[in-house]
Amino acid sequence: MRREDQRIHILRYDHPFNYSAINNVGAEAAKGNIICLMNNDIEVIGSDWLTEMVAHTCRPEIGCVGAKLLYPNDTIQHAGVITGLWGVAGHAHKHFGRHDSGYYYRAACTQNYSAVTAACLLVRKEVYRQVGGLNEAALPIAFNDVDFCLKVRQAGYRNLWTPHAELYHHESVSRGRTTRRRRKHASKAKSLT
């Protein structure tokens, strides 16, 4: 990749897996004004997703901007995060069809949410720094994005989700997924609230 585009910089992270720390290292090294947190299991569907998200991220009142993430079977994986759902937080409109309008047309409208997922999230670097980035110590793997978005909201910004930026999310393909691990992270996150 670097041979094709000299603007690409690859950073090594030779430590145990810590999603928060990995993103904090990347965000600090980033040269631009906008940070994109993106999982390695995201697949781009259309060419306009980034333009859509950047347009909202540049608005001074906006903190985090999230995308509409779909499972490979064209059902919704993420359409905003609702705090308190499933004990800590959960995704709105999960498993609805890609073109379903959702509850009261909300899966089809750009709108504010308490949080959006860091599987694909844009935020201005100044906002990222202002709230101290992701919580490496208490939330190294899960719910760090929810915590981050709540800090951004507390700092006076609105978090926004847009259905006009669609990507596939092959959720947990690279790390695997277990119910036990998910429960452990949920109980840890619950203790912070």
[X] to [Y] - nearest heavy-atom pair and separation:
X	Y	result
Met53	Ala165	CG-CB, 3.6 Å
Leu139	Asn144	O-ND2, 3.2 Å
Val152	Cys64	CG2-SG, 3.9 Å
Lys68	Ala107	NZ-O, 4.2 Å
Met38	Cys120	CE-SG, 3.9 Å
His170	Pro72	ND1-CG, 3.2 Å

The criterion is ring-ring contact (aromatic ring centres under 6.0 Å, His included); which residues satisfy it with His93, sequence neighbours excluded?
Phe96, Tyr103
Residues forming a ring-ring contact (aromatic ring centres under 6.0 Å, His included) with His99, sequence neighbours excluded:
none
When you measure from the side chain of [X] to the backbone N and O of [Y], does any donor-acceptor pair fall under 3.5 Å?
X	Y	result
Tyr19	Ala118	yes
Tyr113	Ala79	yes
Gln111	Arg106	yes
Asn18	Glu136	yes
Arg124	Asn33	no
Asn159	Gly63	no
Asn24	Leu134	yes

Surrounding CD of Glu61 (heavy atoms of other residues, nucleotides or ligands, distance under 6.0 Å), is the total greater than 12?
yes
Considering residues, nucleotides and ligands other than Gln154, do more than 12 of their heavy atoms fall under 6.0 Å from its CD?
no
May I ask you to check whether [X] and [Y] show a side-chain donor-acceptor distance below 3.5 Å?
X	Y	result
Asp74	Tyr168	yes
Ser20	Asn135	no
Glu52	His164	no

Do the non-hydrogen side-chain atoms of [X] and [Y] ever get within less than 4.5 Å of each other?
X	Y	value
Lys94	Leu85	no
Thr117	His169	no
Leu11	Ile22	no
Leu70	Ile45	yes

Side chain to side chain contact (heavy atoms under 4.5 Å, CB included) for Asp100 and Ile76? Distances and angles first, verdict last.
CA-CA 9 Å; Asp100 286 347; Ile76 295 174; 5.6 Å; no
Examine [X] and [Y] and state if one hydrophobic cluster contains both, with Ile, Leu, Val, Met, Phe, Trp and Tyr joined whenever side-chain heavy atoms are less than 4.5 Å apart.
X	Y	result
Val116	Tyr157	yes
Val123	Ile42	no
Leu160	Leu167	yes
Leu121	Ile141	yes
Ile35	Phe148	yes

[atom1]-[atom2] distance between [X] and [Y], expressed to the nearest 0.5 angstrom:
X	Y	atom1	atom2	answer
His56	Thr51	NE2	OG1	11.0 Å
Leu69	Thr75	CG	OG1	11.5 Å
Tyr71	Arg98	OH	CZ	15.5 Å

Please walk me through it: do Arg7 and Lys31 pass side chain to side chain contact (heavy atoms under 4.5 Å, CB included)?
CA-CA 10 Å; Arg7 296 174 299 174; Lys31 306 266 190 268; over 6 Å; no
Over 60° means perpendicular and under 30° means parallel, so tell me whether His78 and Trp161 are parallel, tilted or perpendicular.
perpendicular
Run Val81 and Phe143 through side chain to side chain contact (heavy atoms under 4.5 Å, CB included) and show every step you take.
CA-CA 11 Å; Val81 173; Phe143 300 108; over 6 Å; no
Quick one: do Val54 and Cys36 satisfy side chain to side chain contact (heavy atoms under 4.5 Å, CB included)? Show the steps, please.
CA-CA 10 Å; Val54 167; Cys36 177; over 6 Å; no
